[in-house]
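Inspection log for the structure reproduced underneath, given as structure tokens.
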Amino acid sequence: MAAELTAPELIAKHRPTLDQALEAIRTRAYWSPHPEHPKAYGEHGSLDAAAGKAAFDALLGTRLDLGQAGTDDWVGGEISPYGIELGVSYPHADLDVLLPAMKAGQPAWRDAGAEVRAVVCLEILKRISDRTHKFAHAVMHTSGQAFLMAFQAGGPHAQDRGLEAVAYAYAEQVRTPESAEWSKPQGKRDPLVLTKNFTPVPRGIGLVIGCNTFPTWNGYPGLFASLATGNAVLVKPHPRAVLPLALTVRIAREVLTEAGFAADLVALAAERPGEGIAKALATRPEIRIIDYTGSTSFGDWLEANARQAQVYTEKAGVNTVIVHSTDDYKGMLSNLAFSLSLYSGQMCTTPQNLLIPREGILTDQGPKTFDEVTADLARAVDGLLGDDARANALLGAIVNPDVKARLEAAAGLGEVALASREISNPEFPGAVVRTPVIVKLDGAKPDAEAAYMSECFGPVSFAVALDSVTDAVELLRRTVREKGAMTVGAYTTDSEVERAIEEVCLEEAAQLSFNLTGGVFVNQTAAFSDFHGSGGNPAANAALCDGAFVANRFRVVEVRHQG
């Protein structure tokens with residue numbers, strides 16, 4: 001059957017976007033082709049809000065048949081953090097059938113070349129973008145994100161990260177020319193002449209191990225980086241967050257088929273309740289690339305045991321903010337309150353430890369003691385979340401019982417500066433919604449160290465009193481070196497303190513933000529400009545997204561012809 005989407009048509013349609021993405025990663029300036037506002041959708045084939053909600057509702061209780069090879073059962077069981085049973089069932093794969101089918105499609109995909117692979121990926125992303133409203137509900141009801149965050153982070157921001165990965169993948173593949181004429185002079189003799197062809201070849205099948213909290217945002221970089229570099233991709237979603245990635249796989253398979261490639265280049269590996277297939281999958285010889293977001297313990301296991309694969313992990317860290325001084329005290333408190341509250345702190349970038357000198361800080365409102373800073377921050381969080389409707393829109397829902405248990409246990413770790421409270425969600429009575437807790441700790445006491453030197457994922461933060469800013473800088477260094485950090489923030493008006501903090505982050509490879517008081521927050525990053533993680537500390541061995549994230553997903557094979 002002839003391809004419905006020809007290469008020239010796809011190149012004409014998507015090459016301008018690819019070129020803009022390449023320019024964006026070069027300049028690091030703001031750019032996005034994916035609108036953030038829900039009202040921007042509804043034209044040119046995209047679903048508006050009502051159509052997106054209807055499309056999501058139509059999925060509930062259905063079987064999502066992807067038509068992939070080796071289906072031997074149907075599995076499901078997702079329950080929304082908002083209390084809704086999704087009732088969607090997915091194909092369960094016989095891997096001994098599916099993996100060979102995936103591998104069989106790679107030669108034609110390899111031979112298509114970097115540009116064709118890139119524009120096919122961009123067509124997949126365009127179709128996902130057209131269904132952003134549908135995806136938003138799928139992300140919301142698997143992650144617990146509030147709708148607007150699910151719309152933006154699970155939609156355009158995730159799509160941006162996928163496109164960013166395609167751009168980096170394309171740039172790395174075309175760094176080497178497709179062919180070269182090589183002629184070496186031999187004096188009076190005829191020169192030595194060779195024709196050399198250089199082909200990027202895939203490593204093999206890539207495995208994307210999805211996470212519960214950001215299934216698309218964290219899943220798309222690895223998926224599209226591997227696909228754009230010629231690899232087949234097997235997507236293994238988190239059992240509680242299958243739907244967004246299953247919808248992604250379905251669209252990818254449709255586009256691949258229409259473009260004349262094997263649909264099984266992208267496939268889903270859903271699992272039965274309690275089956276736990278990730279370890280078995282990760283160590284299969286066919287799996288040559290692994291992308292993982294999740295706990296440190298399993299990330300460490302993958303790095304140690306999946307020896308046949310190139311492993312990219314985003315694990316856990318202890319994110320830190322040093323509060324030394326500020327010329328905008330109100331803005332600082334407002335910014336920190338939002339950062340601590342967004343999505344109930346269920347982000348790998350949310351600050352956990354606030355390191356504050358025991359004697360207090362200097363501000364534009366005069367000196368503030370440690371106790372005053374913590375009390376004022378607690379009031380700022382209370383003010384932000386005082387209205388239940390606004391609180392629900394910011395907090396979303398607690399994603400799983402483990403987060404709720406950590407939140408409840410945190411109050412016993414020290415003096416509570418801000419107690420967590422329960423909020424009801426009238427639209428979703430089954431949702432578990434809690435405001436953040438802030439606990440004060442004395443950094444000089446050894447028993448406090450167990451709390452602030454461990455990640456406490458969720459809406460929990462520790463205000464740690466230290467003898468000096470020098471002690472804070474050294475604790476920052478130790479924390480990043482031993483535990484890792486996805487983000488570091490700092491507030492200071494002192495240039496020497498700023499230099500000391502920056503030097504620690506440069507030496508320990510931690511992404512740093514100074515004096516954020518407006519609409520940019522330490523736990524948010526922008527594709528094409530900001531690096532998410534660095535790959536240089538224990539929180540992650542890769543950055544989203546840079547050349548290193550894509551370059552080792554393929555190798556260049558040379559074929560030489562004489563004459």
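All heavy atoms count here, side chains included; hydrogens, waters and symmetry mates do not.
Side-chain contact of Thr320 with Arg477: a donor-acceptor pair under 3.5 Å is absent, judged by distance alone. Side-chain polar atoms of Thr248 and Tyr220 form a donor-acceptor pair below 3.5 angstrom. Judged by distance alone, the side chains of Thr363 and Thr326 never bring a donor and an acceptor atom under 3.5 Å apart. A donor-acceptor contact closer than 3.5 angstrom links the side chains of Ser32 and Asp160. Of the N and O atoms on the side chains of His157 and Gln524, not one donor lies less than 3.5 Å from an acceptor on the other residue. Using a 3.5 Å distance cut-off with no hydrogens or angles, the side chains of Asn319 and Gln352 do not pair a donor with an acceptor. At a cut-off of 3.5 Å, with distance as the only test, no side-chain donor of Gln511 or His532 sits close to an acceptor on the other residue.
Across Asn425 and Ala431, no two heavy atoms sit closer than the pair CB-CB, 4.3 Å. Residues Ser534 and Ala509 approach most closely at OG-O, 2.5 Å, considering heavy atoms. Contact detail for Glu314 and Asn218: the closest heavy-atom pair is OE1-ND2, 3.0 Å. Pairing each heavy atom of Ala153 with each of Thr216, the nearest pair is O-OG1, 4.3 Å. Here the closest non-hydrogen pair linking Tyr329 and Val373 is OH-CA, 3.5 Å. In terms of heavy atoms, Lys315 sits closest to Pro538 at CE-O, 3.4 Å.
Contact check for Phe370 versus Glu359: no side-chain heavy atoms found under the 4.5 Å cut-off. The shortest side-chain heavy-atom distance between Val323 and Val321 falls under the 4.5 Å cut-off. Between Val318 and Asn353, the closest side-chain pair of non-hydrogen atoms falls below 4.5 Å. Inter-residue side-chain proximity for Gln159 and Ile128 is flagged as met; some heavy-atom pair is nearer than 4.5 Å. Contact check for Pro221 versus Cys545: no side-chain heavy atoms found under the 4.5 Å cut-off. Between Leu475 and Leu466 there is a side-chain heavy-atom pair separated by less than 4.5 Å. Residues Leu377 and Leu354 meet the side-chain proximity criterion, which asks for heavy atoms closer than 4.5 Å.
Here Phe151 and His137 keep their ring centres 6.0 angstrom or further from each other. Ring centroid separation for the pair Tyr452 and Phe462 does not come in under the 6.0 Å cut-off. Aromatic pair Tyr343/Phe214: ring centres closer than 6.0 Å. The distance between the ring centers of Tyr312 and Phe549 falls below 6.0 angstrom.
Note on Arg553 versus Asp291: salt bridge recorded, some NZ/NE/NH1/NH2 to OD/OE distance being below 4.0 Å. A salt bridge links Lys440 and Asp371; the closest N-O separation between the charged side-chain nitrogens and carboxylate oxygens is under 4.0 Å. Glu502 has no carboxylate O lying under 4.0 Å from a charged side-chain N of Arg499, or vice versa, which leaves the two without a salt bridge. We find that Arg478 and Glu474 are not joined by a salt bridge, their nearest charged nitrogen and carboxylate oxygen being 4.0 Å or further apart. Residues Asp442 and Arg358 are paired through a salt bridge, judged by an N-O separation under 4.0 Å between the basic side chain and the carboxylate. Taking a cutoff of 4.0 Å between a charged side-chain nitrogen and a carboxylate oxygen, Asp376 and Arg379 qualify as a salt bridge.
To the nearest 0.5 Å, atom CH2 of residue Trp31 and atom OG1 of residue Thr17 are 6.0 Å apart.
Within 6.0 Å of CD on Glu85 lie no more than 12 heavy atoms contributed by other residues, nucleotides or ligands.
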Determine whether Tyr82 and His141 satisfy the following criterion, ring pair (Phe, Tyr, Trp, His ring centres under 6.0 Å), listing intermediate values before the conclusion. CA-CA 7 Å; Tyr82 290 95; His141 284 290; 5.5 Å; yes
Which is it for Leu342 and Met149 under the side-chain contact (heavy atoms from CB on, under 4.5 Å) test, yes or no, and what are the steps along the way? CA-CA 9 Å; Leu342 184 62; Met149 183 176 184; 4.0 Å; yes
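Partner Pro436 forms a side-chain contact (heavy atoms from CB on, under 4.5 Å) with one of Val460, Leu395, Leu384, Leu407 and no other, that one being Leu395.
Ring pair Tyr41/His133 is perpendicular by interplanar angle, where above 60° counts as perpendicular and below 30° as parallel.
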